[in-house]
Chemist: 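The following block contains the structure, expressed as structure tokens.
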Protein chains: 2
Amino acid sequence: MIQNLNKHERESLHEALAKSGQKITPQREIVYTVLLAQRDHPTVDEVYNRALETMPGLSLATVYNCLETFVGCGLVRQVNHERESTRYCPNLAPHAHFRDESTGRVHDIELPKEILDQLTKILPANFETETIEISFQGRTKSSTQN
Amino acid sequence: MIQNLNKHERESLHEALAKSGQKITPQREIVYTVLLAQRDHPTVDEVYNRALETMPGLSLATVYNCLETFVGCGLVRQVNHERESTRYCPNLAPHAHFRDESTGRVHDIELPKEILDQLTKILPANFETETIEISFQGRTKSSTQN
DNA sequence: TTGAGATTTTGAATCATTCTAAACGAGTAA
DNA sequence: TTACTCGTTTAGAATGATTCAAAATCTCAA
């Protein structure tokens, strides 16, 4: 079952929403809770189904809305791979993603600050970056499967 | 108007198709020609409309087919940004993409080999990469607009 | 407690992409 | 030449994730 948000988690949610002038709603709390509970980069549909267990009346559109709101206030990142359904990730530390083609799973890859710095340096001077997305695609060589 | 393929370009097309056991067709030549003629990362629809000028009967499905074929034989790369239409890019040198939010345009950014090397090093040992996608999103600070 | 404005809900609409089945075409064997 | 085979193209239908619209409901500041 899905744990409630702890004090710190609830605070960052409320803070982030307040900062961008949005309201706290049960739906938003639950969707955020679902994201934190299982950090496996779920799709909207997966979030929806997990959230339904706690709030049976919840609608899919609301999940879309909530997630969009979270992305808007920087609480959550979108993960896009090819044309697949968008996935969502509450890991705010700079990181890349590795998508395992055999399982479809997405793994977070910690991203050293130096590399990020170097990356921004390859841009022409007048290019101002807002977001950088780095995604690997490949396979994991079994044995110690992650 | 769209130039024909030069000798070298036609050769790489034929070679790539032959290597993966596929046929040379007028449609494929035209679609490839369109891609080389204007390297602005067109969407399928844009490619389709440009190609129609040369081959009025061409169908959209065929453009999808051709582009998929090219990606399959490594002649062309897909460029995905968020949920937008897939764009296509005949630049085979390793490079990243910068998407200008104000214009929607996508710019190629040359990618130094060292950075690529460093990037593959941050992966766990058993992760085998097939493709890496690096995309920046932001704005260009006018003045010397590119 | 109230009212304004934000949010949620349902179901319809959109739109890029994929699928299907029939027609076509190039190359090969007879 | 003719027939055959297979990959390709075509048109249109189908799919599926996402967005939209309008009405109902809720949140929060006053």
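Per chain, numbering begins at 1; letters A, B, ... match sequence-line order. Both backbone and side-chain heavy atoms feed into the values below; hydrogens, waters and symmetry mates do not.
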Chemist: Sub-3.5 Å donor-acceptor pair from the side chain of B:Thr103 to the main-chain atoms of B:Arg105, do we have one?
Modeler: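 Side chain of B:Thr103 to backbone of B:Arg105: a pair is present.
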Chemist: Given atom CD of B:Glu29 and atom C1' of D:dT9, what is their separation to the nearest angstrom?
Modeler: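 Atom CD in B:Glu29 sits about 16 Å away from atom C1' in D:dT9.
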Chemist: Rounded to whole Å, how long is the line connecting atom CD of A:Glu46 with atom P of D:dT18?
Modeler: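 About 11 Å, once rounded to whole Å.
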Chemist: Just the rounded figure in Å: distance from C1' of C:dT17 to CD of B:Glu84.
Modeler: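 That distance rounds to 16 Å.
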Chemist: Hey, could you give me the CD1/OG1 distance between A:Ile132 and A:Thr120, rounded to the nearest 0.5 Å?
Modeler: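 Here the rounded value is 6.0 Å.
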Chemist: For C:dT7 and A:Arg28 - does any side-chain N or O of the residue sit under 4.0 Å from the phosphate oxygens OP1/OP2?
Modeler: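 Affirmative; the distance criterion is met.
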Chemist: More than 12 heavy atoms of other residues, nucleotides or ligands under 6.0 Å from CD of B:Glu130: yes or no?
Modeler: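 Atom CD in B:Glu130 is packed in, count exceeds 12.
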Chemist: When the distance from CG of A:Leu13 to P of D:dT27 is rounded to whole Å, what number comes out?
Modeler: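 Nearest whole value for this atom pair: 14 Å.
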Chemist: Contact class for A:Gln22 (heavy atom, under 4.0 Å): base, sugar-phosphate, or nothing?
Modeler: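 The answer is sugar-phosphate, as A:Gln22 gets under 4.0 Å only of primed atoms, P, OP1 or OP2.
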Chemist: Roughly how many Å is it from CZ in B:Arg83 to P in D:dG16, rounded to a whole number?
Modeler: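 Distance check: B:Arg83 CZ to D:dG16 P gives 14 Å.
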Chemist: I need the residues from residues 59-82 of chain A with at least one non-hydrogen atom less than 4.0 Å from DNA chain C; give them sorted by number, or say none.
Modeler: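 Heavy-atom cutoff 4.0 Å gives A:Ser59, A:Ala61, A:Thr62, A:Asn65.
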Chemist: How are the rings of A:His107 and B:Phe127 set to each other: parallel, tilted or perpendicular (split at 30° and 60°)?
Modeler: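 Perpendicular.
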Chemist: Starting at atom OH of B:Tyr88, determine the distance to atom P of C:dA16, rounded to an integer number of angstrom.
Modeler: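 Going from OH in B:Tyr88 over to P in C:dA16 covers 13 Å.
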Chemist: State which of D:dT9, D:dC28, D:dT18 makes the closest approach to the side chain of A:Lys23.
Modeler: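 Out of D:dT9, D:dC28, D:dT18, the nucleotide with an atom closest to A:Lys23's side chain is D:dC28.
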Chemist: Mind calculating the distance between CD1 (A:Ile24) and C1' (D:dT27) to the nearest angstrom?
Modeler: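 Going from CD1 in A:Ile24 over to C1' in D:dT27 covers 9 Å.
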Chemist: Could you work out which one of D:dA17, D:dT10, C:dT8 sits closest to the side chain of A:Thr25?
Modeler: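 Among the listed nucleotides, the one closest to the side chain of A:Thr25 is C:dT8.
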Chemist: Tell me what A:Thr86 touches on the nucleic acid: a base, only sugar-phosphate, or nothing, going by heavy atoms under 4.0 Å.
Modeler: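 Sugar-phosphate: the residue A:Thr86, judged by heavy atoms under 4.0 Å, touches backbone atoms but no base.
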Chemist: Using a 3.5 Å cut-off and no angle test, enumerate the donor-acceptor pairs between side-chain atoms of residues 13-21 of chain B and protein atoms at least two apart in sequence or in another chain.
Modeler:
unit_1: B:His14; atom_1: NE2; unit_2: B:Glu29; atom_2: OE2; d: 2.7
unit_1: B:Ser20; atom_1: OG; unit_2: B:Ala16; atom_2: O; d: 3.2

Chemist: Please determine whether a side-chain nitrogen or oxygen atom of B:Gln27 lies at a distance below 4.0 Å from atom OP1 or OP2 of D:dT10.
Modeler: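 Looking at the OP1 and OP2 atoms of D:dT10, one of them is under 4.0 Å from a side-chain N or O of B:Gln27.
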Chemist: How many whole angstroms separate atom CE of B:Met55 from atom P of C:dG25?
Modeler: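 So the two atoms are 11 Å apart, to the nearest Å.
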Chemist: I'd like to know if the side chain of A:Arg50 and the backbone of A:Pro42 have a donor-acceptor N/O pair within less than 3.5 Å.
Modeler: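 It does not hold such a pair.
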Chemist: Quick check against the 3.5 Å criterion: does A:Arg87 have a side-chain atom that pairs as donor or acceptor with the backbone of A:Gln78?
Modeler: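 Checking the backbone N and O of A:Gln78 against the side chain of A:Arg87, no donor-acceptor pair under 3.5 Å is found.
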